[in-house]
There are 2 protein chains.
Amino acid sequence: MESIARIGRVAHATLGAQAYEALRDRLIAGALAPGERLSLRTLAEGLGTSVMPAREAVSRLVADEALEVLPNRAVRVPVMTLSTFRELTRVRIAVEGFAATEAARRLAPDDLAAIRSHDAAFRHEVLAPEPDLERAMRANRDLHFAVYRAAGLPSLVAIIEGLWLRIGPVLNLDMRSSRRRVAEGGAQVHHAHLAAALAAGDGDGARAALAADIAASADFIETTGRLAP
Amino acid sequence: MESIARIGRVAHATLGAQAYEALRDRLIAGALAPGERLSLRTLAEGLGTSVMPAREAVSRLVADEALEVLPNRAVRVPVMTLSTFRELTRVRIAVEGFAATEAARRLAPDDLAAIRSHDAAFRHEVLAPEPDLERAMRANRDLHFAVYRAAGLPSLVAIIEGLWLRIGPVLNLDMRSSRRRVAEGGAQVHHAHLAAALAAGDGDGARAALAADIAASADFIETTGRLAP
DNA sequence: TGCCGTGATCTGTGATCACACTTAGGCTCG
DNA sequence: CGAGCCTAAGTGTGATCACAGATCACGGCA
């Protein structure tokens, strides 16, 4: 939620914030499977602190709906239902599509350069004989958020980060299981269309390309993924 | 963030959750002025608990950007800058506008009845010789969220609640200071257009009416409000 | 009279302890 | 040999204590 301006991070944020970032990254990276249960004390032990920072981190993630607390008061990674996945996808297309439109209007040269760089990195990784999935996913994420940041609306970026936090587990988990189909997904094509539309200042084109990209990856997840009914 | 299904609230949520709800309501209602500082211990004393629940509530509100923690580690209600206010307004028009479009597609008879009921309540309150501002604002909020809920996208409603949480303080604070201009704002007209478009299934019309409503109230705040430069 | 230093107090943060509750395992009894 | 109870370990939640840092006001010195 607060990854903006992470540059100047001098050193000591509060332990709770560090725990939040750590858990958040593991969640987005798909290191925690949906349905997996978490324990405050185990978590704290892993962080080398008391339960307090872990408690705060979990609280915030629960507020973001990136974790859920069962009636038993047990904490776990939410299991994504097919219907809520589709709902999230529709919201993503709307919100991220708007961001793409705005980005096309405001795009600065630096933004375009960054976007093209991430695009190249993703294409290179995905077309390699031995694709590094993790690096590809990171390049994909960097590309998307470079676009969103270019819209110049920080609160919109925060909203989108919240959405990615929720789909992160299921998305990255499934990507990991299927190595080769990443290249067949055709994400490179959508990315190319997106970059071209942005460079041309074509807001509708950018939105369409991004929507197609999101829809394609959602389809991919729906077919290979094990989403709860 | 979790005001949906508040009906079944049997009794005992955790103290932290209760504290969060309480603080959140005070924030949305404008009971806390922007820039006002908060103290965990004072807050806890007001709640009749220890600092722990207050701490959790504040943590979550900070995560929602409804509160902010200064470099001094002091906690206060954020002072809204004019530029961030305009940014939030643009995001609101995009996100809430999308919700209105969806609502026009999916609208159920019950939804329309609820919307018309809140619309009538707002118009009645605002055209009265002695308008009750608080009741008018509540009717306005109920009307808006009845529309958003009709879109059938709970995660979108949660996002919008986060946005309202941030503009709540400045919005309700300014409304309180200017009693009579509420009627002149013409919100009733926008609401009427909105309800008509929704009833006709006109998505674009609903979006336009809602955008006009948001823009008008934003203009009102900008002129009478004391937003930081 | 004006200004600076200094101590008391209040801030959030983290650790530790206490408690109600759930859950899983082992033991006893049929 | 199997099933049921019952204890013990583990859960999140809340309270209390400890601590570093910031704030502010009062008092002494120039």
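This one's a predicted model, so the numbers in the text were calculated from it and none came from an experiment. Order of the sequence lines sets the chain letters (A, B, ...), proteins ahead of strands, with each chain counted from 1.
- The main-chain N or O of B:Q18 is never found under 3.5 Å from a side-chain atom of B:E21 such that the two would form a donor-acceptor pair.
- In this structure, B:R149 CZ and B:L153 CG are separated by 13.0 Å, a value rounded to the nearest 0.5 Å.
- Distance OH (B:Y20) to C1' (D:dT13): 19 Å, rounded to an integer number of Å.
- Here the CZ-CG distance, from A:R166 to A:L61, works out to 12.0 Å after rounding to the nearest 0.5 Å.
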If a protein heavy atom is under 4.0 Å from the base, mark B; if only from the sugar-phosphate, S; if neither, -; do that for nucleotides 9-14 of chain C going 5' to 3'. --BBBB
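- Crowding of B:R76 atom CZ: a count of heavy atoms from other residues, nucleotides or ligands under 6.0 Å exceeding 12.
- Judged by distance alone, the side chains of B:Y20 and B:D25 never bring a donor and an acceptor atom under 3.5 Å apart.
- With axes fitted over five pairs at each extremity, the angle between the ends of the helix from C:dT1-D:dA30 to C:dG30-D:dC1 is 20° (10° resolution).
- Between the P atom of D:dG12 and the CG atom of A:L70 lies a distance of 11 Å, rounded to the nearest Å.
- Residue pairs meeting the side chain to side chain donor-acceptor pair (under 3.5 Å) criterion with at least one member in residues 92-109 of chain B, sequence neighbours excluded, are A:R90-B:E102, B:R92-B:E96, B:E96-B:Y148, B:E96-B:W164, B:T101-B:R207, B:E102-B:R105.
- As rounded to whole Å, 14 Å separates atom C1' of D:dT13 from atom CZ of B:R60.
- At a cut-off of 3.5 Å, with distance as the only test, no side-chain donor of B:H118 or B:N140 sits close to an acceptor on the other residue.
- Of the possible polar contacts, none joining the B:T84 side chain to the B:M80 backbone as a donor-acceptor pair under 3.5 Å is found.
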